[in-house]
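Reminder, nothing fancy here: chain letters follow the sequence lines and each chain counts from 1.
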Amino acid sequence: MSNSNYSSTSSSTHRLIKNKNGSVKRNELRGKVVVYSCAVLIIIATIAITLFLTIKGLQSFIVNGVNVGEFLTGLTWSPSGEGDVAYGAFPFIFGSFSVTFLAALFAAPLGIGSAIFMTEIAKTWGQKVLQPVIEILVGIPSVVYGLIGLTVIVPLIREHSSGIGFSLLAGMIVVGVMILPTVTSISADALKSIPQDIKDASYGLGATRWQTIYKVILPAAMPSLATAVVLGMARAFGEALAVQMVIGNSKALPESITDQAATLTSIITLSMGHTTYGSLHNNLLWSLGLILLVMSYVFIIIIRFISSRRKV
Amino acid sequence: MGNYSYEVENLNLWYGDNQALFEVSMKIPYREVTAIIGPSGCGKSTFLKMLNRMVEMIPKVRVSGTIKYNGNNILENYRAEELRTNVGMVFQHPNPFPKSIYENVIYGVRIQGIRNKKKLDEIVEKSLKQAAIWDEVKDRLHTSATGLSGGQQQRICIARALAVEPDVILMDEPTSALDPISTLKVEELIHDLKDKYTIVVVTHNMQQASRISDQTAFFLNGDLVEFDKTDKIFSNPMDKRTEDYISGKFG
């Protein structure tokens with residue numbers, strides 16, 4: 001800060017920073033290489049998984065000559081049976097979709113409701129208490145959800161229905177609770193991003209809080225809320241462990257919601273261990289996996305489509 | 001109905017521990033334009049938002065004093081929603097809902113439960129004509145209001161406020177986000193509307209205040225320094241601080 005110091009540096013022609021561009025260029029290149037290789041690696045991994053699963057998943061149709069229509073719509077599944085070999089995967093496809101939609105039906109109103117509570121009704125209190133609760137729910141391993149379902153929900157259903165407890169209903173509740181935090185936190189972000197401006201406009205015209213919520217905030221946030229639900233559904237569709245523990249894994253089509261069922265994921269995790277590599281049974285499991293992959297692409301396309309229509 | 005829309009007495013307001021308004025008393029005349037001027041942070045917007053109690057949206061606000069609207073104290077036993085259907089507000093930034101022009105204008109009427117299609121159509125046409133934007137939008141009432149220009153959006157917002165048939169219109173720097181031509185249109189509109197409405201305008205722009213208002217109130221640091229006829233304030237202010245502000249010495 002002293003005067004003499006200042007004048008001495010300014011009077012000399014000696015430069016303290018030499019060769020300005022050299023190190024910048026080198027750093028720039030290094031950064032570029034690191035970032036680019038990360039991006040390329042992820043893209044390669046995605047393509048590789050897709051390719052691998054596609055090739056493996058198509059084996060049963062190409063090598064073993066399984067009829068695609070029969071595979072997708074057949075009702076009997078006994079791929080390694082002694083006598084008649086049947087490979088109808090429809091009950092599992094149906095099971096996966098049922099669990100997914102029922103779980104969404106369960107989680108969407110609860111998740112969006114608590115998101116509204118957090119962002120509009122009890123802002124400070126809601127954020128302080130609900131936010132950590134949701135984070136904890138996200139962090140609980142799925143096997144724990146399965147265990148709780150197994151010890152609490154399954155016996156409860158057994159007592160109140162004619163079934164044995166292991167059921168679509170149990171799967172729906174367990175998966176519904178699992179995707180609840182996903183739906184809630186994405187919905188809360190969506191609601192928070194609605195500008196205060198238009199809320200003020202609504203209140204300024206004499207609207208009550210509730211009128212503002214359902215006439216302005218919800219319609220404006222609708223595309224993002226739909227995204228939240230679809231993301232939750234994508235997660236529900238891919239969930240394996242917890243579902244397998246409570247759904248009963250019956251290979252027949254369920255007749256009611258309290259009936260046992262199976263999903264694509266639960267059949268894969270149950271059977272993959274005791275099939276021989278390259279056998280028909282093994283290849284069929286890969287085909288089930290391919291359906292899962294295709295569905296997850298479909299979910300992503302749906303999400304993309306919805307968010308491209310966002311207005312606010 | 002008396003000669004005053006509002007009679008404010010000894011109004012104090014605190015945001016948490018910070019006092020934002022000090023013992024403000026003023027009477028806002030019926031069907032005239034009252035401008036509120038003052039530097040940023042002087043409490044002028046806070047005061048405006050007291051008049052329709054929008055200030056209650058902000059957490060930790062405390063208020064003392066009385067505000068009589070048409071003779072009734074709105075700070076005691078008065079429903080904010082009812083007040084706001086009689087006291088419309090236009091905001092600093094145009095804030096149409098992401099809905100069609102028609103739905104925007106009709107919003108305040110819809111929430112009062114009016115469903116008659118013919119009546120709604122009439123209200124839309126009347127309000128848009130009053131806001132001098134009917135000719136520009138009559139052929140695209142069902143397209144999104146967010147696609148209009150800023151000036152048009154602001155007039156849609158004015159139409160939306162007029163649609164609920166208020167007595168008073170509060171405007172919080174309504175032209176600060178608009179270009180000069182749109183500003184002129186909104187100012188002309190304010191001039192046309194004062195026959196039917198009591199208008200209170202907060203503005204940063206002193207020329208605007210002198211152009212459009214009948215009385216002007218000057219706020220400084222939460223105090224109402226001076227409140228008088230606009231020509232008097234701008235030609236012969238009583239207070240030294242008012243004179244300094246309008247002559248551009250600070251603010």
Going by the angle between their ring planes, with limits at 30° and 60°, are [X] and [Y] parallel, tilted or perpendicular?
X	Y	result
B:F97	B:Y107	tilted
A:W125	A:F117	perpendicular
A:F299	A:F237	perpendicular

Quiz prompt | Which of B:E82, B:M57, B:R53 touches chain A most, by non-hydrogen pairs under 4.5 Å | solution =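 That would be B:M57.
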Practice problem: Carefully, step by step, assess B:Y4 and B:T198 under the rule side-chain hydrogen bond (donor to acceptor under 3.5 Å, both in side chains). | Solution: CA-CA 9 Å; B:Y4 297 104; B:T198 302; over 6 Å; no
Quiz prompt | B:V90, part contacting chain A, at a heavy-atom distance under 4.5 Å | solution =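 No part of it gets close to chain A.
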Self-check item: B:P166 portion near chain A, given a 4.5 angstrom heavy-atom threshold
Solution: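 Neither; nothing under 4.5 Å.
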Quiz prompt | Interface moiety of A:T124 toward chain B, non-hydrogen atoms closer than 4.5 Å | solution =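 Neither; nothing under 4.5 Å.
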Quiz item: Under 4.0 Å between a Lys/Arg side-chain N and an Asp/Glu carboxylate O for B:R155 and B:E136?
Solution: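 Counted as a salt bridge, because a side-chain N and a carboxylate O are separated by less than 4.0 Å.
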Self-check item: Within 6.0 Å of CD in A:Q131, more than 12 heavy atoms from elsewhere
Solution: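 Atom CD in A:Q131 is crowded, with more than 12 foreign heavy atoms closer than 6.0 Å.
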Quiz item: Roughly how far apart are A:E120 CD and A:L218 CG, rounded to 0.5 Å?
Solution: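 Output value for this atom pair is 9.0 Å.
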Quiz item: Looking only at heavy atoms, which of residues 108-122 of chain B get nearer than 4.5 Å to chain A?
Solution: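 Residues of residues 108-122 of chain B touching chain A at under 4.5 Å: B:G108, B:R110, B:I111.
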Practice problem: Answer whether the closest heavy-atom distance between the side chains of A:I247 and A:V99 falls below 4.5 Å. | Solution: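 Result yes, sub-4.5 Å side-chain heavy-atom pair found.
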